[in-house]
2 protein chains.
Amino acid sequence: MTYQDKKVITIGLVSELTGLSIRQIRYYEQRKLIFPERTKGGTRKYSFSDIEKLIQISEHMEDGLQTFEIRQLQKKNMAASYRGLTST
Amino acid sequence: MTYQDKKVITIGLVSELTGLSIRQIRYYEQRKLIFPERTKGGTRKYSFSDIEKLIQISEHMEDGLQTFEIRQLQKKNMAASYRGLTST
DNA sequence: CGTGTAAGGAATTCTGACACG
DNA sequence: CGTGTAAGGAATTCTGACACG
């Protein structure tokens, strides 16, 4: 709830925790699927929510979806949960 | 519960979040007050629980306690919570 | 005792690009 | 389109030590 969304994890750890390569994680950011924060120095910081999101993303990728399609799905889910439907 | 205790935060972030210097954080580890994990490379990783602990530690230090006294307090609290008393 | 700091090195991350497909 | 990689640089962290008190 409070810790879940705090952006504090470095990309190396995220890579370990998700099984994705650092390259993939950066790419998904470029494609607007995740939104890490940055330290003053420019180092990316992720939250546990980001990690869960990334795991979902990797599942969608395995299903053959393209990044823009996954982005569409995210929008739909956001709209749905806004209406009190599927959360996750 | 699950995220609270995952060791994933680098010492620089911990320093920012607690207001303590990196030097202090490392010292409190040396004095057995906190127990970060390490990456393969040797970089320390802390949990949100560690951050809460550190904040408590800094309060005790301000109260003039010495590190070994704080360690005693930690033990007492652990024993108490084990008996179902004060948790935190 | 608790903490600051300069020192030298190692690990981590960053960006932009070339490559493949 | 999605991902790997070599390249060069910058930010982050590590340890052991000297200093002060």
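All chains are named by letter (A, B, ...) in the order of the sequence lines, taking the proteins before the strands, and each is independently numbered beginning at 1.
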K.L.:
From the options A/Met61, A/Glu62, A/Glu69, select the one residue that forms a side chain to side chain contact (heavy atoms under 4.5 Å, CB included) with A/Leu65.
P.N.:
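Looking at A/Met61, A/Glu62, A/Glu69, the match for A/Leu65 under the side chain to side chain contact (heavy atoms under 4.5 Å, CB included) is A/Glu69.
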K.L.:
Could you state the CZ-C1' distance from B/Arg71 to C/dG2, rounded to the nearest angstrom?
P.N.:
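After rounding, the gap between these two atoms is 14 Å.
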K.L.:
5'-most contact on DNA chain C: B/Gly41 or B/Tyr27, nearest heavy atom basis?
P.N.:
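On the 5' side of the pair lies B/Tyr27.
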K.L.:
Counting only side-chain nitrogens and oxygens, does A/Thr10 get under 4.0 Å of the OP1 or OP2 atom of D/dT12?
P.N.:
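Negative; the distance criterion is not met.
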K.L.:
Sort out the partner of D/dT3 for me: Watson-Crick or G-U wobble, both distances under 3.5 Å, none otherwise.
P.N.:
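Paired with C/dA19.
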K.L.:
Calculate the interatomic distance between A/Lys45 atom NZ and D/dT13 atom C1'; express it in whole Å.
P.N.:
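So the two atoms are 16 Å apart, to the nearest Å.
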K.L.:
Provide, to the nearest angstrom, the distance between the CG atom belonging to B/Leu54 and the P atom belonging to C/dG2.
P.N.:
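In whole Å, C/dG2 P lies 15 Å from B/Leu54 CG.
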K.L.:
Just to confirm, is there a sub-4.0 Å distance from OP1 or OP2 of C/dG4 to any side-chain nitrogen or oxygen of B/Arg26?
P.N.:
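B/Arg26 to C/dG4 OP1/OP2: no side-chain N or O under 4.0 Å.
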K.L.:
Do B/Tyr27 and B/Phe35 sit in one hydrophobic cluster, given that two such residues count as connected whenever their side-chain heavy atoms are within less than 4.5 Å of each other, even indirectly?
P.N.:
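Not linked; separate clusters.
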K.L.:
Respond yes when some side-chain nitrogen or oxygen of A/Ser21 is under 4.0 Å from OP1 or OP2 of D/dG4, and no when none is.
P.N.:
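The answer is yes; a side-chain N or O of A/Ser21 sits under 4.0 Å from OP1 or OP2.
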K.L.:
With side-chain contact (heavy atoms from CB on, under 4.5 Å) as the criterion, how do A/Ile25 and A/Asp50 come out once you've worked through the C-alpha distance, each side chain's angles and the decisive distance to 0.1 Å?
P.N.:
CA-CA 10 Å; A/Ile25 297 168; A/Asp50 289 330; over 6 Å; no
K.L.:
Reckon A/Tyr28 touches a base, only the sugar-phosphate, or nothing at all at heavy-atom distances under 4.0 Å?
P.N.:
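Result for A/Tyr28 = sugar-phosphate.
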K.L.:
Between atom CD in B/Gln30 and atom C1' in C/dG2, what is the gap in whole Å?
P.N.:
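My rounded result for the distance is 10 Å.
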K.L.:
I need the CD1-C1' distance between B/Ile9 and D/dT12, as an integer number of Å.
P.N.:
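It works out to 16 Å between those atoms.
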K.L.:
Strictly by Watson-Crick or wobble contacts shorter than 3.5 Å, is anything paired with D/dC14, and which nucleotide is it?
P.N.:
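The answer is C/dG8, by the H-bond criterion.
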K.L.:
Measuring from atom OG1 of A/Thr10 to atom CG of B/Leu13, what distance do you get when rounded to the nearest 0.5 angstrom?
P.N.:
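CG of B/Leu13 is found 9.0 Å from OG1 of A/Thr10.
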K.L.:
With no hydrogens and no angle check, just 3.5 Å: does a side-chain donor-acceptor pair link A/Glu52 and A/Gln4?
P.N.:
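Yes, A/Gln4 and A/Glu52 have a side-chain donor paired with an acceptor closer than 3.5 Å.
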K.L.:
State yes or no: are the ring centers of B/Tyr3 and A/Tyr3 separated by less than 6.0 Å?
P.N.:
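Ring-ring flag for B/Tyr3/A/Tyr3: false, centres at least 6.0 Å apart.
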K.L.:
Choose from D/dG2, C/dT13, C/dT15 the nucleotide whose nearest atom is closest to any side-chain atom of A/Arg44.
P.N.:
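So the side chain of A/Arg44 is nearest to C/dT15.
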K.L.:
Whole angstrom is fine here: how far is it from NZ in B/Lys40 over to P in D/dC14?
P.N.:
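Spelled out: NZ on B/Lys40 to P on D/dC14 is 15 Å.
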K.L.:
Could you go through nucleotides 17-20 of chain C and list every protein N or O atom that sits under 3.5 Å from one of its N or O atoms, giving the distance for each pair?
P.N.:
none

K.L.:
Check whether any side-chain heavy atom of A/Leu33 sits under 4.5 Å from a side-chain heavy atom of A/Arg71, and report yes or no.
P.N.:
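A/Leu33 vs A/Arg71: side chains touch.
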K.L.:
Could you pick out which residue, A/Thr39 or A/Met61, lies toward the 5' side of DNA chain D when each is mapped onto its nearest nucleotide?
P.N.:
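Whichever sits nearer the 5' end wins; that is A/Met61.
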K.L.:
Looking at D/dT12, I'd like to know if its phosphate oxygens (OP1 or OP2) sit under 4.0 Å from a side-chain N or O belonging to B/Thr43.
P.N.:
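No, outside the criterion.
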K.L.:
Nearest whole angstrom, please: distance from the C1' of D/dG2 to the CG of A/Leu65.
P.N.:
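In whole Å, D/dG2 C1' lies 14 Å from A/Leu65 CG.
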K.L.:
Send over the distance from B/Glu37 CD to D/dC14 P, rounded to a whole Å.
P.N.:
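Going from B/Glu37 (CD) to D/dC14 (P), I get 14 Å.
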K.L.:
For A/Lys6, look at atom NZ and say whether over 12 heavy atoms of other residues, nucleotides or ligands are found less than 6.0 Å away.
P.N.:
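At most 12 heavy atoms, drawn from other residues, nucleotides or ligands, come within 6.0 Å of this atom.
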